[in-house]
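Before any comments, here is the structure.
First listed ligand is number 1; within each ligand, the first listed atom is number 1.
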Amino acid sequence: MAIQTLPEAPAASFSDLPISREVYKAIEDFGWETPTPIQALALPVLLNGEDVVGLAQTGSGKTAAFGIPLIERVDTRRRGIQALVLVPTRELATQVAAEMTRLSRNTPLRILTVFGGTAMNPQLNALRAGRAHVVVGTPGRILDHLQRGTLKLDAVHYLVLDEADRMLDMGFAPDVQRILSHTPKDRQTALFSATMPNEIRNIVHRHMRSPQSLQVESDAPTVDTVEQVYYHVADRDKTRGLRSLIDAERDPLAIVFRRTQHGAAKLHRQLERDGYRVGVLHGRMTQGQRNRTLSDFTSGRTRILVATNVAARGLDIPDVTHVINYDIPEDAETYIHRIGRTARAGKGGIAATLVGESDLTAFEQITRRLPVTVREERLPIYA
Ligand code: AMP
């Protein structure tokens, strides 16, 4: 799977998102105040019509993460099944349908559950009546209906594979493949799974269109596998200090963080002028530009990547040796996420923070919240 970056900003609140009044009202009535992390990541992408592969567990709020965009994208004035949600068990089918019914209660959306272990007739009648816009069901029974010709999926333009790893564990892989082949190729697809075995990567590769892969970061524990140091530096010496750090290492593969796009672009220009092989990653880039920057970096054509937080979120590049905070992060959480970009897959890594005179108070607040001590070292330029 190619490395994908996330959209510039995860949604901080439901009102930031292009959600209809009807759905927004339901959410407000439930008392949901903020999107859960997987919702914050997945909603903007799915609402934008793109495919998503989400690593998320039950209880993470993933049903609404795919359910809200589903409700928004189905045209209830049209007939025919427009959205299909495949789940491993009848319990989950019932649960997902219930959550989506709640979310769509101010809309005319009609949801039908289709699963095995119950009589065929009520489902047949409901399908024949042709009133459902959405089917939530288990692969076996759905395939049954497809083969009998009682279910048509040629109008499906939104498809969800929920708990994909469990579906495969239960032996549904061939059924899922066959069901997918009955749906239009240009549909939007969301896949959620708690784990990402190769079999799922294959499905993603074969059946999805350049999906964004999203993961709620749970790499806080890497904090203690990363060697953490900080350097006092005069604000005006930061670029010189950074260069001396890079030059002191043997061929580092480094991500350098800046807080703003402008700052990232400026530092990138400076380093390029100084002859470094450097790329830049920020939110105002097209997917094509990001992909090029990333492939230059992963292939080693560039050795330094200047990035903003959001642009670098979710990056998983195994050989990164250094994360350098040119600007100090906003808070301890951002610090942890940033340094989690190194020491991937159990390898060691170094996180270095440049602390200027204007950063002192903020940096102290961050380190107080960390479960480890960040060691002070002296920059080569001051040695
Ligand atoms: P799920 O992981 O989809 O099974 O969701 C777990 C539970 O969290 C369900 O009871 C949801 O109704 C609830 N939930 C989902 N999103 C939110 C949210 N943004 N705020 C509060 N509760 C939520």
Side-chain angles (χ1 to χ4, degrees), residues 6-7 9-48 51-74 83-107 109 111-115 133-139 158-170 172 188-196 200 211-218 310 313-314 333:
L6 298 185
S13 86
F14 286 111
S15 57
D16 291 341
L17 292 161
I19 297 180
S20 62
R21 219 162 354 110
E22 289 79 5
V23 173
Y24 191 79
K25 172 125 198 341
I27 293 172
E28 235 179 10
D29 291 346
F30 306 158
W32 293 4
E33 285 168 4
T34 47
T36 65
I38 191 67
Q39 290 166 1
L41 295 175
L43 284 171
V45 183
L46 287 172
L47 286 165
N48 194 34
D51 285 6
V52 155
V53 175
L55 262 183
Q57 328 263 345
T58 303
S60 59
K62 64 185 163 63
T63 315
F66 63 72
I68 291 172
L70 182 154
I71 296 163
E72 300 293 355
R73 297 188 80 77
V74 168
L84 174 67
V85 182
L86 290 178
V87 298
T89 62
R90 59 184 284 180
E91 290 74 27
L92 190 60
T94 312
Q95 203 180 305
V96 165
E99 179 87 337
M100 289 201 321
T101 304
R102 238 156 59 93
L103 283 164
S104 63
R105 65 185 181 184
N106 303 317
T107 79
L109 187 81
I111 301 163
L112 178 68
T113 49
V114 171
F115 43 71
H133 306 108
V134 182
V135 164
V136 180
T138 50
Y158 190 97
L159 187 136
V160 180
L161 301 168
D162 191 18
E163 303 205 352
D165 48 356
R166 267 178 82 199
M167 255 184 315
L168 300 193
D169 285 348
M170 293 169 71
F172 280 135
Q188 184 181 3
T189 309
L191 179 149
F192 287 86
S193 192
T195 58
M196 211 40 74
I200 293 192
Q212 298 264 9
S213 52
L214 309 180
Q215 178 173 8
V216 177
E217 312 233 6
S218 55
V310 272
R313 213 178 270 236
E333 206 185 351

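Electrostatic pairing of E99 and R102 counts as a salt bridge here, judged by a charged N lying under 4.0 Å from a carboxylate O.
A donor-acceptor pair under 3.5 Å is absent between the side-chain atoms of Y24 and the main chain of L17, judged by distance alone. Here the side chain of S104 pairs no donor or acceptor atom with the backbone of T107 at under 3.5 angstrom. Side chain of E72 to main chain of P69: no donor-acceptor pair is present (N/O by atom type, distance under 3.5 Å, no hydrogens or angles).
When heavy-atom distances to ligand 1 are checked against 4.0 Å, the residues falling inside are F14, W32, T34, P35, T36, Q39, T58, G59, S60, G61, K62, T63, E99, R102, ordered by chain and number.
Residues M167 and V87 form no side-chain contact, since every pair of their non-hydrogen atoms from C-beta on lies 4.5 Å or further apart.
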Take E163 and S193, measure what side-chain hydrogen bond (donor to acceptor under 3.5 Å, both in side chains) needs, and give me the verdict at the end.
-> CA-CA 5 Å; E163 303 205 352; S193 192; over 6 Å; no
